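If you're wondering where the values come from, they're calculated on a predicted model, not measured in any experiment. As the structure lists them, so they are numbered: ligands from 1, and atoms in each ligand from 1. We're numbering straight along the sequence, starting at 1.
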Amino acid sequence: MRLKDRVAIVTGGSGGIGIAICEAFAAEGAIVIVSDIDAENAERVADDLRRSGADATALHADVSEEESAEALIDGALRQYSRVDILVNNAGARIIKGLTEHTLSDWQKMIAINLTGPFLCSRAVIPHMVAQGSGNIINLGSIASFTGRPNRCGYVAAKSGVLGLTRAMAADLAGKNVRVNTIAPGMIASPFNKSFAEAPDTGEAWAGENLVGRWGQPADIAGAAVYLASDDSSFVNGSEIKIEGGWLGARSRSGEIPIWPD
Ligand SMILES: NC(=O)c1ccc[n+]([C@@H]2O[C@H](COP(=O)([O-])OP(=O)(O)OC[C@H]3O[C@@H](n4cnc5c(N)ncnc54)[C@H](O)[C@@H]3O)[C@@H](O)[C@H]2O)c1
């Protein structure tokens, strides 16, 4: 078991990718704190984990609120006296035209997707430094690397996540606390359910990456276990893209690889 007895907080832990990370961490022996703004769902996920034999608990938090983010870390420390892993997974996306984005839309995207990881990390880092070890994983996106239409706030925030990851890793040099980003592509979680199931985008978008399918939350969970474990002890300030090669290579319209019959 690669995460035996490590205490892990997963924000947005009752969403599609969050649940998969919580389950994978529990399977590797971690003590899992399922945190979400949706307290009822977080409780349900923690219940399911306990029923499968894991040590799990639910803690409510709105990561975009300073007091709430700090209360999450305090609550975890009160209960378990340490936090080894923080996964800043909570996220949300507004899809609207550029000029339709209100100031409040913009601020909401930055608050949840970028300020949230900053606030939760800032609260936990002194404890990780004091205990001499720790691991932070931030959820970026393909939108961290490339512009996407109708998502200016989300793209700006997720691009910022890469910078935040690198800056925190630099600040934590020599402290045995690593910080990395996971950048998912199109994952068929509730976040993208409407696109995955729609006739005009479901199959078409699956065919856009080199693997030829939608990603699943479990595809992300494997990378989270790797980054949280000592297997990745030389990976720091870095990012793992899990997007079926969507960012790595593209064909132009009508251009297909030539293979002999
Ligand atoms: N699904 C994808 O295709 C995809 C692609 C790229 C990046 N991501 C990123 O992965 C992460 C997880 O996405 P998902 O697919 O599981 O989405 P999801 O919508 O299924 O889950 C997101 C979770 O975050 C919670 N949340 C939202 N605002 C919050 C807040 N202020 N405080 C605390 N919790 C809050 C929600 O209640 C929900 O449980 C997000 O950061 C998302 O941006 C997802």
Notebook entry, point to check: Other than Ile142, what residues sit in its cluster of Ile, Leu, Val, Met, Phe, Trp and Tyr side chains whose heavy atoms are under 4.5 Å apart, directly or through others?
Noted result: Ile95, Phe145, Leu162, Met186, Phe195, Trp205, Trp214, Trp246, Leu247
Check: Between Ser121 and Asn88, does any side-chain donor sit less than 3.5 Å from a side-chain acceptor?
Finding: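 Their side chains do contain a donor-acceptor pair, which is all the 3.5 Å distance test asks for.
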Checklist line | Candidate pair Arg178 and Ser232, rule side-chain hydrogen bond (donor to acceptor under 3.5 Å, both in side chains), full reasoning | finding: CA-CA 10 Å; Arg178 295 186 290 118; Ser232 61; 3.0 Å; yes
Notebook entry, point to check: Heavy atoms under 4.0 Å from ligand 1: which residues qualify?
Noted result: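 If the criterion is a heavy atom under 4.0 Å, then ligand 1 touches Gly12, Ser14, Gly15, Gly16, Ile17, Asp36, Ile37, Ala61, Asp62, Val63, Asn89, Ala90, Gly91, Ile112, Leu139, Gly140, Ser141, Tyr154, Lys158, Pro184, Gly185, Met186, Ile187, Ser189, Pro190, Phe191, Asn192.
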Check: Applying the side chain to side chain contact (heavy atoms under 4.5 Å, CB included) test to Leu114, which of Leu119, Asn138, Val161 qualifies?
Finding: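 The side chain to side chain contact (heavy atoms under 4.5 Å, CB included) with Leu114 is passed solely by Val161 among Leu119, Asn138, Val161.
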Checklist line | Atom NZ of Lys96 with >12 non-hydrogen neighbours under 6.0 angstrom | finding: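 Yes, enclosed.
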Check: Quick one: is the NZ or CZ of Arg93 closer than 6.0 Å to the six-membered ring centre of Phe191, and within 45° of its axis?
Finding: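 Judged by the rule (NZ or CZ under 6.0 Å from the ring centre, within 45° of its axis), Arg93 counts as positioned above Phe191.
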